Every structure is written in C-alpha cells, then in structure tokens.
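Following: one structure in structure tokens, then a few remarks.
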Amino acid sequence: MKNKWLFVILICLAFVTIFTIQNRVSFAASSELLPGEPESVHMLDAPLNEMDASILQSIQDKEMPGAVAFVAREGKIVKQSNYGHALRYVDDEFTEVENPVDMENDTIFDLASISKLFTVTAAMQLYEEGEFELDDPVAKHIPAFAENDKSDVTIRQLMTHTSGFTAWIPLENMAENREEAFQIVFGYPLENEPGDHYEYSDLNMITLGALVEEWSGMRLDEYVSEHITEPLGMTDTMYNPPETLIDRIAATAYVPGRGMVHGDVHDGNAFVLDGVAGHAGVFSTAFDLAVFSQMMLNEGTYNDTRILKEETVELITQNHTPEFPGDDHGLGWELNQEWYMGTLAETTTIGHTGFTGTSVVISPTSESITILLTNRVHPIDQTPSTNPIRQEVAEKTADAINAWSANTIKELVANLEEKGDIPDEAARTLNVHLTAVSQYEQQESVEKVTKHLEGFKNLLNHQQENGLMSEEIYHRLKQNANYLIGKWQ
C-alpha cells in the first residue's frame with residue numbers, strides 16, 4: 001500500500017513540475033518585446049499620439065535637440081518614435097553643424113545615471129552567489145573604505161543613498177587616473193551619519209562599482225557585458241562605444257578641453273574612471289533599455305534567459321527607505337516618484353533618470369514600460385529641466401491605459417481615492433456614473449455611453465467647483481472621459 005501511495009505522489013509531483021516548467025517557458029516567451037497595436041493590449045491611440053506634439057514643442061523651445069519615445073505594455077511595443085537631431089551643434093554657442101544628424105529609433109544615448117541600475121544588477125547577481133550580505137560593512141570588502149569614520153557604512157546604504165556621502169565631488173579635478181579616483185572616494189569623509197539621512201550621491205555607486213570589480217575579479221564593463229547585456233541580447237548597450245558607432249550616437253555637451261562630447265561619456269567623474277564607473281558610463285538604445293526593463297517586469301527573465309532570481313527582483317524593488325517618505329528607494333531603483341513618473345507613480349512603480357535627459361518608468365500594475373531618451377545637454381548643460389516632458393510622456397502612457405473603458409477609469413478613481421486625492425463620497429458618486437457607462441459599453445450603445453460620460457464630466461465640474469478635487473486631478477479625469485468618448489465616436 002505504501003509503495004502504491006508513493007507512486008501516486010511521485011506521479012503528481014512530476015505533473016506539477018512539468019506544468020510549472022511549461023508555464024514558465026510560456027510566460028517568458030509571451031513577454032518578449034514585439035511590435036503590437038495599442039488596442040491589442042487595451043490602450044488608446046490618442047494619448048500616445050499626443051506625445052508627439054509635446055515633445056516637438058520641447059524641441060522648439062530648445063529644451064532638447066532630439067528624443068526617442070518608447071512605450072510597451074504586456075510585451076507589446078505600442079510606440080517607438082524619434083524626433084529632432086542626434087547631432088546639431090558644433091560648439092556651446094549653438095553654431096549648427098554643416099550636416100545635422102537626425103535622431104533615429106536606434107540612436108545610442110549616454111544613459112548617465114541610469115547606468116546605476118546595471119551596477120546594482122551586477123552586484124545583486126554576486127549577492128546571489130554569496131559574495132556579500134546587504135548589511136555587510138563596505139570596509140569588510142574594501143578595507144580602505146573604513147577611513148574617516150566610514151567603518152559602519154553598509155552595502156545596503158550605498159544602494160539606497162543613505163550612506164551619509166555628500167551628493168557629488170569634482171573627482172575629475174582631483175584624480176589623474178582610475179586607481180587614484182577610487183582611492184579618493186574610499187577615503188572621502190561622510191557629510192551625515194550613516195542611515196540618518198537620504199542624499200542621492202554618485203559616490204555610493206562609484207563605490208558599489210568598485211565592489212563588483214573586487215568580488216568578480218573583472219572590470220565593471222566586462223562583467224556587465226558577460227553577465228547582463230550579452231545574455232539578454234542587448235547588442236547596442238556598452239561602455240566606451242567604438243568609433244565605428246559614432247554616426248549612431250547622440251552628442252552631448254561641449255566641454256572646455258574636451259570639445260563637443262560625442263561618443264565618450266559626458267560625466268566628468270566617469271571620464272576620469274576611464275568611462276567605466278558605477279554611477280555613469282553606459283550607452284544604450286531605447287529598445288535595449290526596454291529589454292532590460294522587461295526583464296525586471298518578468299521577475300528576472302527575458303526570452304528564456306534568467307538574469308536574476310525572482311526573490312532577488314522582489315528584494316530590489318521593495319521600499320528600503322520607509323523612514324524617508326517621498327524618497328522611496330529600492331536597491332538602486334527609485335520608487336513612486338510623481339515628478340517624472342506622473343500618474344504611473346504608485347508604491348510599486350520603479351524607475352530612474354539620467355542627467356543627460358534620459359528616463360525609464362516601469363509599472364508592474366499596468367505591465368508597462370515608458371522610456372524617454374533625450375540629449376538635452378547638447379550643446380550645453382544649462383538647459384531647462386526635462387522633468388515636465390518626462391512626466392507628460394508618462395502621463396500620456398497612463399491615459400492610454402486608464403481611458404480604455406469605464407472600468408479602467410474606475411480603477412483610476414479608486415487609486416486616486418486610496419492616495420487621498422479624492423474624498424470617499426466623491427469617488428462613490430463618480431463610480432455610480434462609471435458603472436452605468438460600463439453597462440452601456442457592454443451593450444455597445446454609443447449614444448448612451450456618450451450621454452453618461454457627459455454626465456460624468458458635469459459631475460466632475462460640480463465636484464471641482466466645490467473643492468473636492470484639485471485642478472490637476474479634475475483635468476486628468478475629464479481628459480480620460482474625453483478620450484473614452486473619442487473611442488466610441
């Protein structure tokens with residue numbers, strides 16, 4: 001009898017194992033990035049198309065010479081558009097080159113601080129191999145780091161910018177070579193007590209990059225290439241791109257002594273580190289960055305290749321800084337930052353920006369990726385902030401999802417209610433109208449859908465006039481209602 005039950009149990013376990021493996025393979029395959037129509041993933045065209053005018057206006061206002069916008073949902077690329085120029089100026093006086101180079105979808109950008117995400121990924125791969133624990137003192141692995149009372153700084157604090165380091169130092173003016181630059185960082189004193197203050201600092205990630213090299217025995221660029229970009233098929237992602245790719249690379253700023261930076265890393269501190277640094281140095285395209293982002297959405301895999309364990313991705317993307325509200329941070333990744341994530345921002349949304357004008361926003365809730373790559377520092381660093389256009393591009397992505405149906409607008413209302421942006425009673429009243437709209441959508445009654453959405457807009461007007469929602473929330477909900485009306489008309 002025992003043997004009989006043992007046989008049954010083994011058969012059941014085998015079935016479960018096969019089923020699990022098949023499901024994993026199926027999930028990875030379905031999450032490979034492929035072109036698709038917005039409608040196929042329940043998104044509207046109109047908000048995505050409206051990005052174009054906004055980005056072109058930013059170019060006209062000289063906020064940037066060019067850009068590439070990329071949006072994907074559920075593995076489908078629903079937008080990939082290029083604007084303006086990759087190379088337009090020859091100096092910092094805005095003197096135009098004889099033959100400006102148009103921006104293309106496969107233009108390669110200096111990602112600037114988005115490079116930090118590759119450094120953290122590399123470190124966490126080595127964490128999986130048992131090279132360190134998050135709360136190890138950095139000095140356990142780099143003894144020189146203990147100088148100037150830094151013996152208590154942990155690796156987790158480097159990744160969450162709570163080490164106590166100052167934001168930045170002019171390393172390029174302090175060191176003559178890579179090794180000397182590292183020693184200056186290792187010996188640099190703290191500005192705050194470890195763990196007592198959040199201060200975004202490049203010194204944290206320069207140190208983390210050095211740790212990756214210590215643990216792996218490889219230079220950071222070699223490690224990232226062998227263990228991240230090559231396995232993922234990211235053929236256009238690299239440090240120090242070769243001269244043969246110069247025609248595909250977006251120029252950055254004119255720097256005295258260096259001339260127009262084009263093909264070399266823009267960041268001066270990364271430059272003195274031979275273009276290979278934990279905080280900056282990675283060049284990539286929108287598509288390649290989307291592959292990296294989809295790997296995170298897929299909990300560590302892309303196209304059947306596993307880069308990180310599921311539990312490691314969960315660890316990376318949880319909030320490690322709850323004691324600093326507003327500065328929510330995972331390991332390397334920023335969380336819930338409305339200033340560039342717009343209405344995609346919520347506790348699970350991860351992303352990062354780069355000084356050169358780059359940004360990536362990943363929403364697990366909507367399974368979406370929104371990337372905006374610009375060369376806003378071309379030809380000078382002192383250009384207007386790209387944060388407004390970053391935020392608008394993210395919000396247009398959110399609108400394309402939220403305005404798909406009355407039910408998705410209800411989800412938006414629920415999210416706003418949860419955040420405290422709409423009072424409970426106001427949300428309930430709005431949902432009554434949306435429930436009616438949803439019923440008429442199911443009946444495909446265009447006239448009644450439109451009529452009840454107009455009633456929804458009138459209710460919004462009433463609630464806004466009575467101070468129940470801000471002008472921004474009012475505009476967002478009204479715009480979503482208009483998008484949905486447009487869909488049905």
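Because the structure is predicted, anything quoted here is derived from the model rather than measured.
When the ring-ring contact (aromatic ring centres under 6.0 Å, His included) test is applied to F292, the partners found at least two apart in sequence or on another chain are F118. Checked against ring-ring contact (aromatic ring centres under 6.0 Å, His included), H227 has the following partners two or more places apart in sequence or in another chain: Y223. Residues satisfying the ring-ring contact (aromatic ring centres under 6.0 Å, His included) test with H197, not counting sequence neighbours, are none.
When atom types are taken as modelled, the side chain of S115 and the backbone of V282 share a donor-acceptor pair closer than 3.5 angstrom. In this structure, N480 contributes its side chain and A403 its backbone to a donor-acceptor pair below 3.5 Å. Listed for the Y340 side chain is a donor-acceptor partner under 3.5 Å among the backbone atoms of H352. Side-chain atoms of S163 do not come within 3.5 Å of backbone N or O of V153 as any donor-acceptor pair. K150 contributes a side-chain N or O that, together with a main-chain N or O of E147, makes up a donor-acceptor pair within less than 3.5 Å. In this structure, the side chain of K62 does not engage the main chain of P384 through any donor-acceptor pair within 3.5 Å. For the pair H161 (side chain) and Y198 (backbone), a donor-acceptor distance under 3.5 Å is absent. Judged by distance alone, the side chain of N375 and the main-chain N or O of A86 form a donor-acceptor pair under 3.5 Å. Under a 3.5 Å cut-off, the side chain of T301 and the backbone N or O of D304 do not form any donor-acceptor pair. N240 contributes a side-chain N or O that, together with a main-chain N or O of D274, makes up a donor-acceptor pair within less than 3.5 Å.
Residue Q57 places its CD atom among more than 12 non-hydrogen atoms of other residues, nucleotides or ligands, all under 6.0 Å distant. More than 12 non-hydrogen atoms from other residues, nucleotides or ligands lie less than 6.0 angstrom from CD of E180. With a 6.0 Å radius and a threshold of 12 heavy atoms from other residues, nucleotides or ligands, K140 has its NZ atom at or below the threshold.
Looking at R390 and N387, their side chains do bring a donor and an acceptor atom within 3.5 Å of each other. Remark: the Y200 side chain and the S113 side chain contain an N/O donor-acceptor pair separated by less than 3.5 Å. E230 and S225 are linked by a side-chain donor-acceptor pair at a separation below 3.5 angstrom, with hydrogens and angles left out of the test. Judged purely by distance below 3.5 Å, without hydrogens or angles, the side chains of T321 and N319 pair a donor atom with an acceptor atom. Side-chain polar atoms of D110 and T356 form no donor-acceptor pair below 3.5 angstrom. With 3.5 Å as the limit, one finds no donor-acceptor pair spanning the side chains of H279 and N269. The closest side-chain donor-acceptor pair between Y188 and N148, if any, does not fall under 3.5 angstrom.
Summarising the geometry, atom CG belonging to L315 is positioned 4.5 Å from atom CE belonging to M124; distances are rounded to the nearest 0.5 Å. I169 CD1 to E191 CD: the interatomic distance, rounded to the nearest 0.5 Å, is 11.5 Å. Rounding to the nearest 0.5 Å places CG of L232 at 9.0 Å from CG of D288. We find the OG1-CZ distance between T207 and F186 to be 6.0 Å, quoted to the nearest 0.5 Å. Residue L331 holds its CG atom at 15.0 Å from NZ of K116, rounded to the nearest 0.5 Å. Between atom CG of residue L416 and atom CD1 of residue I422 there is a gap of 4.5 Å, rounded to the nearest 0.5 Å.
A72 and L33 make their closest contact through CB-CD2, 3.8 Å (heavy atoms, listed as atom of the first residue, atom of the second, distance). What you find for L308 and V313 is that their closest heavy atoms are CB-CG2, 3.9 Å. The shortest non-hydrogen separation linking G351 to M341 is N-CE, 3.5 Å. Shown here for T374 and G357, the closest heavy-atom pair between the two residues is OG1-O, 2.8 Å. Smallest separation of non-hydrogen atoms from A286 and V68: CB-CG1, 3.8 Å. Of all the heavy atoms in T107 and T285, the pair that sits closest is O-CG2, 3.5 Å.
Ring orientation note: the planes of F145 and F165 are nearly perpendicular, at an angle over 60° on the 30°/60° scale. Using a 30° and 60° split on the angle between ring planes, F132 and W215 fall in the parallel class, below 30°.
Residues R73 and S363 have side chains not in contact (no heavy-atom distance under 4.5 Å, counting atoms from C-beta outward). Counting heavy atoms from C-beta outward, M43 and T397 have side chains that approach closer than 4.5 Å. Residues P194 and T154 fail the side-chain proximity criterion, which asks for heavy atoms closer than 4.5 Å. The shortest distance between side-chain heavy atoms of Q337 and T353 does not fall below 4.5 Å. Side-chain contact between Q125 and T312 is absent, with no heavy-atom pair separated by less than 4.5 Å. Between Q463 and L430, the closest side-chain pair of non-hydrogen atoms falls below 4.5 Å. In this structure, M64 and M103 have side chains that are not in contact, with every pair of non-hydrogen atoms separated by 4.5 Å or more. Contact check for K79 versus D52: side-chain heavy atoms found under the 4.5 Å cut-off.
Applying the side chain to side chain contact (heavy atoms under 4.5 Å, CB included) test between I350 and each of N336, V361, L335 identifies L335 as the sole match. If you run side chain to side chain contact (heavy atoms under 4.5 Å, CB included) between S284 and each of T229, L373, T237, only T237 comes through. Screening H378, E63, R376 for a side chain to side chain donor-acceptor pair (under 3.5 Å) involving T383 leaves a single residue, R376.
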Test log, rule side chain to side chain contact (heavy atoms under 4.5 Å, CB included), inputs R476 and E472: CA-CA 6 Å; R476 181 63 51 200; E472 182 182 354; 5.8 Å; no
Step-by-step salt bridge (Lys or Arg N to Asp or Glu O under 4.0 Å) determination, E213 to R178: CA-CA 13 Å; E213 297 188 356; R178 196 169 193 263; 2.7 Å; yes
